[in-house]
Amino acid sequence: QVQLVESGGGLVQAGGSLRLSCAASGRTLVAYSMGWFRQAPEKEREFVAAISWSATGLAYADSVKGRFTISRENGQNTMYLQMNSLKPEDTAVYYCAVVMRPGTRREPDEYDYWGQGTQVTVSS
């Protein structure tokens, strides 16, 4: 089993920044890829960003490209999402996820483990 814990969410004004963290623990996490998803009220969970084990593979949703940056520290089993120029439409619960296979993946069904989520609220 893998446990994932997100942190760093909160309330921020439009144009502001937040940095989310996702700490992973549990079984040996080798050659796994990670991703961030978000879910707003009454909407489906959507892909935000993904990163491969070596961090050479990166993928972003068009809606966040140029504003969000995904990164990871494998020695710390931690992934980050730096969110800049936040907009009210970024308001959602943000989830981190792990897939125990290589490559960046955009579909929620492809991921094996999920965190409990952290709320991000952007006020206008």
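The figures here come from the full heavy-atom set of this structure, side chains too, leaving out hydrogens, waters and symmetry mates.
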Q. What are the two closest non-hydrogen atoms of Ser52 and Ser33, and how far apart are they?
A. CA-OG, 3.7 Å

Q. Can you tell me how far CG of Leu11 sits from OG1 of Thr91, rounded to the nearest 0.5 angstrom?
A. 8.5 Å

Q.
Testing the basics here: between Leu86 and Leu18, what is the closest heavy-atom pair and its distance to 0.1 Å?
A. CD1-N, 3.8 Å

**Q.** Nearest heavy atoms of Phe47 and Ala59, plus distance in Å
**A.** CZ-O, 3.6 Å

(Q) Could you check whether any side-chain N or O of Tyr80 sits under 3.5 Å from a backbone N or O of Glu73, counting only pairs where one atom can act as donor and the other as acceptor? (A) no

**Q.** Distance, nearest 0.5 Å, that separates CD of Gln116 from SG of Cys96
**A.** 7.5 Å

Q) Going by distance alone, is a donor N or O of one side chain under 3.5 Å from an acceptor N or O of the other, for Asn77 and Tyr32? A) yes

Q | Separation of Glu110 CD from Thr104 OG1 (nearest 0.5 Å) | A | 9.5 Å

**Q.** Minimum heavy-atom distance between Tyr113 and Gln1, given as atom pair plus value
**A.** CE2-OE1, 3.6 Å

Q. Can any side-chain N or O of Arg67 pair as donor or acceptor with the backbone N or O of Ser85 at less than 3.5 Å?
A. yes

Q) Under the side-chain contact (heavy atoms from CB on, under 4.5 Å) criterion, do Val99 and Glu107 qualify, and how do the steps go? A) CA-CA 11 Å; Val99 52; Glu107 295 299 325; over 6 Å; no

Q | Expected output: side-chain Thr78 to main-chain Gln76 donor-acceptor under 3.5 Å | A | yes

Q: Name the orientation class of the two ring planes belonging to Phe68 and Tyr94 (parallel below 30°, tilted from 30 to 60°, perpendicular beyond 60°).
A: tilted

Q: May I ask you to test the Pro108-Tyr95 pair for a side-chain heavy-atom distance under 4.5 Å?
A: no

(Q) Between Met34 and Arg72, is there a side-chain heavy-atom distance shorter than 4.5 Å? (A) yes

Q) Are Tyr111 and Phe37 close enough that some pair of their side-chain heavy atoms sits under 4.5 Å apart? A) yes

Q. Could you give the distance from CD (Glu46) to CH2 (Trp36), rounded to the nearest 0.5 Å?
A. 14.5 Å

Q. At what distance, to the nearest 0.5 angstrom, does CH2 of Trp53 lie from CZ of Arg101?
A. 15.5 Å

Q. Do Ser71 and Met79 have side-chain heavy atoms sitting under 4.5 Å apart?
A. no

Q. Atom OG1 in Thr118, atom CZ in Arg38: separation rounded to 0.5 Å?
A. 14.0 Å

